[in-house]
Amino acid sequence: MAAPWRIIFMGTPQIASATLAQLLTGPDTVVGVVTQPDSSAGRGQKSFASPVRKLAETHAIPVLAAKKIRTPEFLQSLRAWQPDIIVVVAYGRILPKAVLELAPQGCVNVHYSLLPKYRGAAPAAWTIINGEAEAGVSTMKLVEKMDAGAIYLQEAISLSGEETTGSLQAQLTPVGARLLLETLRRLKAGTLSATEQDENLATLAPILKKEHGLIDWQRPATEIERRIRGFDPWPGSFTHFAGKMLKIHRATIVGTERRGSPGEIIRADAAGFWLATSSGVLSLEEVQQENKKRLAGVEFIKGARIKPGDRLE
RNA sequence: CGCGGGGUGGAGCAGUCUGGCAGCUCGCAAGGCUCAUAACCUUGAGGUCCCGGGUUCAAAUCCCGGCCCCGCAA
């Protein structure tokens, strides 16, 4: 049995802290954690520590939350921890070459797609939006080109077609944690060979922006429904009614024929809140007007003065 | 002190600006109608208008304080 490795863990959100929690149960030693600095957020602009920071502090692991990472001081701090390997999970920053080469074993990354497909910041979301039949997790060696490093291990799961990005990530998190521990174990044992990615099969999963959430009713119902799931929980999907923003949290397809014109309400009563698209009819199951609570579509109708023929846009 | 919206029978809302009978869409109960219904008709029950104070002949509505919920932004 080889000696435990000294690991630096870099990550920020909940998905990273859940993975770190698993890593802490493994045979190796997390000697330091790097995360994004606390940020002000929420009503009142209260300051929030990242989930990774909170977890590290409860385990008394040293935390580095540098704002600037391309500095000699940052590199020096990392070196002082004398890592064998650096583990990166949703850290939120592009790492400079000097960091990639800092540890003898380099950097290993957990990426939530079946590489080489869906390289980039939002792999789970685009997997759903594009209607893929399966999703997955890959561990790979970090290189300078984004998510292009050689793959260590990979595991696929099949999709039901009802996942949201949030639920899919929740499903993939434990898979990723397990793959990570397995990757480390076999790397240390010297029984793991990395496989180069086929560049010809590479696709991109670009970072999501707020504007992605504006629903284009000109798209087919199937596509809109997938986007609503893919943008949940962020940035969310929204449209407008009576000059106010209306978030659409959940929708289902209730017809494939063309009815009405895209964006037109074709039913608004106790039986349903149905909307026309360019192809197919969507039932809005859960909505939320700005400043209001989430409501079932039919509940929203009771209070909103809304009727067939009105439009969302 | 980041910006803003809200709290009204069981649900969702209007009414508040401009003080003057507690209202709408549902739900619930009873009855009726129909071959039939998530349909329709009739009737009914159900209220601390978030809490506390103030102004007023009169407060859901105006003023002051408090609690709670939510949207934006990040």
Side-chain angles (χ1 to χ4, degrees), chain A residues 10-17 34-55 63-69 90-94 120-122 124-125 164-166 169 206-216 227-255 257 259-260 264-276 281-313:
Chain A
M10 307 180 74
T12 301
Q14 192 275 334
I15 191 168
S17 67
V34 180
T35 191
Q36 295 287 345
D38 297 358
S39 61
S40 59
R43 287 173 215 119
Q45 296 295 100
K46 294 181 285 286
S47 183
F48 283 95
S50 79
V52 164
R53 176 182 210 126
K54 288 179 188 163
L55 180 64
V63 173
L64 199 56
K67 209 174 223 167
K68 294 174 73 80
I69 62 174
Y91 171 52
R93 302 286 289 272
I94 303 288
T164 64
T165 294
Q169 271 179 353
I207 191 167
L208 297 180
K209 296 190 186 323
K210 194 76 196 169
E211 309 85 82
H212 280 110
L214 177 61
I215 296 174
D216 177 4
R227 292 174 79 92
I228 289 169
R229 287 187 290 114
F231 296 145
D232 179 4
W234 199 90
S237 296
F238 62 97
T239 182
H240 300 277
F241 172 65
K244 289 181 180 169
M245 183 184 72
L246 185 69
K247 282 191 186 177
I248 311 298
H249 290 296
R250 194 160 52 83
T252 56
I253 296 165
V254 291
E257 75 283 19
R259 282 175 66 182
E264 183 182 348
I265 292 163
I266 60 182
R267 175 162 210 171
D269 55 35
F273 184 10
W274 292 4
L275 217 74
V281 177
L282 275 184
S283 169
L284 307 187
E285 303 287 344
E286 192 175 11
V287 303
Q288 182 173 26
Q289 191 169 236
E290 64 181 71
N291 300 327
K292 302 286 192 175
K293 296 182 184 182
R294 292 179 168 233
L295 293 176
V298 292
E299 289 295 303
F300 171 75
I301 286 167
K302 288 176 185 172
R305 270 88 176 149
I306 196 168
K307 61 185 185 305
D310 291 345
R311 306 188 61 81
L312 303 186
E313 50 199 349

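Everything quoted here is computed from the prediction, not taken from an experiment. Chain identifiers are assigned alphabetically (A, B, ...) following the order of the sequence lines, protein sequences preceding nucleic acid strands; residue numbering begins at 1 within each chain.
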Trainee: Looking at residues at least two apart in the chain, or sitting in another chain, which of them share a side-chain contact (heavy atoms from CB on, under 4.5 Å) with A/Ala268?
Mentor: A/Ile265, A/Ile301, A/Ile306, A/Pro308

Trainee: Using Watson-Crick or G-U wobble geometry with both distances under 3.5 Å, which nucleotide pairs with B/G19?
Mentor: none

Trainee: Please report the distance, rounded to the nearest Å, between CZ in A/Phe273 and C1' in B/G12.
Mentor: 13 Å

Trainee: Test of understanding: with salt bridge (Lys or Arg N to Asp or Glu O under 4.0 Å), list the residues that count as partners of A/Lys302, not counting sequence neighbours.
Mentor: A/Glu299

Trainee: Going by purine N1 to pyrimidine N3 plus the second Watson-Crick contact, or the G-U wobble pair, all under 3.5 Å, which nucleotide sits opposite B/C49?
Mentor: none

Trainee: Output the rounded distance in Å from CD1 (A/Ile301) to P (B/A38).
Mentor: 17 Å

Trainee: Report the distance from atom NZ of A/Lys244 to atom C1' of B/G6, rounded to the nearest whole Å.
Mentor: 10 Å

Trainee: Roughly how many Å apart are B/C35 and B/G47, using the C1' atom of each and rounding to a whole number?
Mentor: 42 Å

Trainee: Rounded to the nearest Å, what distance is computed from the CG atom of residue A/Leu295 to the P atom of nucleotide B/G7?
Mentor: 14 Å

Trainee: Do the rings of A/Phe231 and A/His212 sit parallel, tilted or perpendicular, given the 30° and 60° boundaries?
Mentor: tilted

Trainee: Using the P atom as the point on both nucleotides, what is the distance between B/G15 and B/G5, in whole Å?
Mentor: 15 Å

Trainee: What distance, rounded to whole Å, do you find between the two P atoms, one in B/U61 and one in B/G52?
Mentor: 13 Å

Trainee: What interatomic distance, in whole Å, is found between C1' of B/A29 and the corresponding atom of B/G9?
Mentor: 15 Å

Trainee: Which residues satisfy the salt bridge (Lys or Arg N to Asp or Glu O under 4.0 Å) test with A/Arg227, sequence neighbours excluded?
Mentor: none

Trainee: For nucleotides 68-74 of chain B, give me one character per nucleotide, 5' to 3': B if any protein heavy atom sits under 4.0 Å from the base, S if the only such contacts are to the sugar-phosphate, - if neither.
Mentor: -SBBBBB

Trainee: What interatomic distance, in whole Å, is found between P of B/G20 and the corresponding atom of B/A30?
Mentor: 38 Å

Trainee: Go nucleotide by nucleotide along RNA chain B from the 5' end; which of A/Glu299 and A/Ala270 gets its closest nucleotide reached first?
Mentor: A/Glu299

Trainee: Between A/Glu290 and A/Met245 (side chain of the first, backbone of the second, donor and acceptor by atom type, cut-off under 3.5 Å), is there such a pair?
Mentor: yes

Trainee: Please, which pairs that meet salt bridge (charged side-chain N to carboxylate O under 4.0 Å, His left out) have at least one residue in residues 228-244 of chain A, sequence neighbours excluded?
Mentor: A/Glu225-A/Arg229

Trainee: Suppose we define a pair by two distances each less than 3.5 Å, Watson-Crick or G-U wobble; what does B/A29 pair with here?
Mentor: B/U43

Trainee: Say you pick atom P in B/G12 and the same atom in B/C40; how far apart are they, in whole Å?
Mentor: 23 Å

Trainee: On a whole-Å scale, what distance lies between the C1' atoms belonging to B/C3 and B/A11?
Mentor: 31 Å

Trainee: Give me the distance, rounded to whole Å, that separates B/C69 from B/A22 when you measure between the P atoms they each carry.
Mentor: 31 Å

Trainee: Can you sort out the partners of A/Arg43 under salt bridge (Lys or Arg N to Asp or Glu O under 4.0 Å), two or more places apart, ordered by chain and number?
Mentor: none

Trainee: Tell which nucleotide pairs with B/U34, taking only Watson-Crick or G-U wobble pairs whose two distances are both under 3.5 angstrom.
Mentor: none

